[in-house]
Protein chains: 2
Amino acid sequence: MENSLTQTLQALADPTRRKILQMLGERNLSAGDIGAAFDMKAPSISHHLTVLKNAGLVLAERQGQNIVYSLNTTVMQEFMQEMRQLFRVGENGNA
Amino acid sequence: MENSLTQTLQALADPTRRKILQMLGERNLSAGDIGAAFDMKAPSISHHLTVLKNAGLVLAERQGQNIVYSLNTTVMQEFMQEMRQLFRVGENGNA
DNA sequence: TAGATATTTAGCCAATCATCTAAATACAAA
DNA sequence: TTTGTATTTAGATGATTGGCTAAATATCTA
């Protein structure tokens, strides 16, 4: 769970992973729930979840037989802040 | 110059390309000026510029012997808007 | 404990990516 | 028009990625 800007952007640069984030924005979901929404085998979904987890964008918690994923909104906010800085162009009087 | 969200995020998911954007935030620069800031051969820089151009993040204009690159701030704004939407989580009464 | 379900880990493979060298193109200047 | 400078295009190569199958791990239930 390193969490560099590059890692976050790489994680976001995949439509499957962005859709997962959107789904988790509605409610927390198990890996199985998430997988059911995609035409993809379970290990592939698991891989995407690992990428999101390593980027710090989601949190995972085991609940019995399931592992339930949720958004890490803190990290998402921090990421948006970094992007604003990157795009805050040539303001030579900035903070 | 297709310009999907995936393409934009892929373009941003590389430190060299983000540094180029930052440099262009200060002032417009030729390919050579940009290349001088990196320990990388000219064709590699040219490749990164092409990626940024295809993502719509920068504009290119020939000026005599040089090709001068500049930010496409419109596309950058649109991208930030899309990111805000992606991260505007579970607001079931949103616009 | 044995079997079923949920998920991950390991390892393979094709496609994409970032870099390089060599060559081509575009323009300027002598 | 020849030479030099700036930049891109073409093509090769090693690394990374995203998908798969098979197998391992964890938990629940009979």
Side-chain angles (χ1 to χ4, degrees), chain A residues 1-24 27-72, chain B residues 1-24 27-72:
Chain A
M1 304 196 188
E2 190 185 292
N3 193 17
S4 65
L5 184 51
T6 295
Q7 195 179 20
T8 307
L9 283 162
Q10 278 171 347
L12 291 170
D14 179 284
T16 299
R17 292 194 287 263
R18 288 199 303 279
K19 185 171 174 192
I20 290 173
L21 291 178
Q22 281 186 310
M23 291 170 64
L24 292 178
R27 71 189 68 81
N28 297 351
L29 294 167
S30 70
D33 291 338
I34 294 167
F38 296 90
D39 185 18
M40 200 179 288
K41 301 292 179 180
S44 303
I45 295 296
S46 181
H47 160 70
H48 284 303
L49 290 170
T50 298
V51 172
L52 290 169
K53 199 169 45 180
N54 287 343
L57 290 165
V58 306
L59 301 169
E61 183 196 4
R62 180 172 281 279
Q63 284 182 15
Q65 220 160 344
N66 301 320
I67 296 184
V68 174
Y69 285 85
S70 58
L71 293 183
N72 189 343
Chain B
M1 305 198 185
E2 190 185 294
N3 192 17
S4 65
L5 184 51
T6 296
Q7 197 180 19
T8 307
L9 283 162
Q10 277 171 349
L12 292 169
D14 179 283
T16 298
R17 291 194 288 262
R18 287 198 305 278
K19 186 172 172 192
I20 290 173
L21 292 179
Q22 282 186 311
M23 291 169 65
L24 293 178
R27 70 188 68 82
N28 296 352
L29 294 168
S30 71
D33 291 338
I34 294 167
F38 296 92
D39 185 17
M40 200 177 288
K41 301 293 179 180
S44 303
I45 296 296
S46 181
H47 160 70
H48 285 303
L49 290 170
T50 298
V51 172
L52 289 169
K53 200 170 43 180
N54 288 343
L57 290 165
V58 306
L59 301 168
E61 183 196 3
R62 179 173 281 278
Q63 283 182 15
Q65 220 162 346
N66 302 321
I67 295 184
V68 175
Y69 285 86
S70 58
L71 293 184
N72 188 343

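These numbers come from the heavy atoms of this one structure, side chains and all, not from hydrogens, waters or symmetry mates. In the text below, chain A, chain B and the rest are named by the order of the sequence lines, each starting its count at 1. Just so we're clear, the structure is a prediction, and the values are computed from it rather than from any experiment.
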Remember a base hit wins even if backbone is also touched, and classify A:Y69 as base, sugar-phosphate or nothing at under 4.0 Å, heavy atoms. sugar-phosphate
Under 4.0 Å from OP1 or OP2 of C:dT7: is there any side-chain N or O of A:N66 that close? yes
In whole angstroms, how far is the P atom of C:dA18 from the CZ atom of B:F38? 13 Å
Within the structure, does a side-chain N or O atom of B:S30 lie under 4.0 Å from either OP1 or OP2 of D:dT7? yes
Side chain proximity check, A:K19 to A:F38, heavy atoms < 4.5 angstrom: yes
Check the distance between C:dT16's P and A:Q10's CD and give it to me in whole angstrom. 17 Å
Report the distance from atom NE2 of A:H47 to atom P of C:dC13, rounded to the nearest whole Å. 18 Å
Identify all pairs in which a protein N or O lies below 3.5 Å from an N or O of nucleotides 20-22 of chain C, and state each distance.
| residue | atom | partner | partner atom | Å |
| --- | --- | --- | --- | --- |
| C:dC20 | OP2 | B:K41 | N | 3.0 |
| C:dC20 | OP2 | B:S44 | OG | 2.7 |

Applying side chain to side chain donor-acceptor pair (under 3.5 Å) to B:D33 and not counting sequence neighbours gives B:S30
Using atom CG of A:D14 as one end and atom C1' of C:dT16 as the other, report the distance to the nearest whole Å. 13 Å
Expressed as a whole number of angstroms, how long is the span from B:I34:CD1 to D:dT7:P? 9 Å
Can you sort out the partners of A:N28 under side chain to side chain donor-acceptor pair (under 3.5 Å), two or more places apart, ordered by chain and number? none
Look for any protein N or O under 3.5 Å of an N or O in nucleotides 25-29 of chain C and output each such pair with its distance, or none.
| residue | atom | partner | partner atom | Å |
| --- | --- | --- | --- | --- |
| C:dA28 | O4' | B:Q65 | OE1 | 3.4 |

Considering non-hydrogen atoms only, spot the tightest contact between A:V58 and A:L24 and give its length. CG1-CD1, 3.8 Å
Evaluate the criterion side-chain contact (heavy atoms from CB on, under 4.5 Å) for residue pair B:L9 and A:R18; output intermediate values, then yes/no. CA-CA 11 Å; B:L9 283 162; A:R18 288 199 303 279; 3.6 Å; yes
Taking the side chain from A:N66 and the backbone from A:V68, do they hold a donor-acceptor pair closer than 3.5 Å? no
Interatomic distance, B:E61 CD vs D:dT7 P [rounded to whole Å]: 13 Å
Listed partners of B:S46 passing side chain to side chain donor-acceptor pair (under 3.5 Å), at least two apart: none
Which atoms form the tightest heavy-atom contact between A:P15 and B:T6, and what is the distance? CG-OG1, 3.6 Å
Whole Å only: how far is the CD1 atom of A:I45 from the P atom of D:dT17? 18 Å
Run the side-chain contact (heavy atoms from CB on, under 4.5 Å) test on B:V51 and B:Q10 for me, step by step, so that the C-alpha distance in whole Å, both residues' side-chain angles and the decisive distance to 0.1 Å come before the verdict. CA-CA 9 Å; B:V51 172; B:Q10 277 171 349; over 6 Å; no
Separation of B:I67 atom CD1 from C:dA24 atom C1', in whole Å? 14 Å
Would B:I20 and B:L29 count as a side-chain contact (heavy atoms from CB on, under 4.5 Å) if you check the C-alpha gap in whole Å, the side-chain angles of each, and the deciding distance to 0.1 Å? CA-CA 10 Å; B:I20 290 173; B:L29 294 168; over 6 Å; no
Give me the bend of the helix from C:dT1-D:dA30 to C:dA30-D:dT1, using the axes of the five pairs at each end, rounded to 10°. 10°
Closest non-hydrogen atom pair between B:I45 and B:A31, with its separation: CG2-O, 4.3 Å
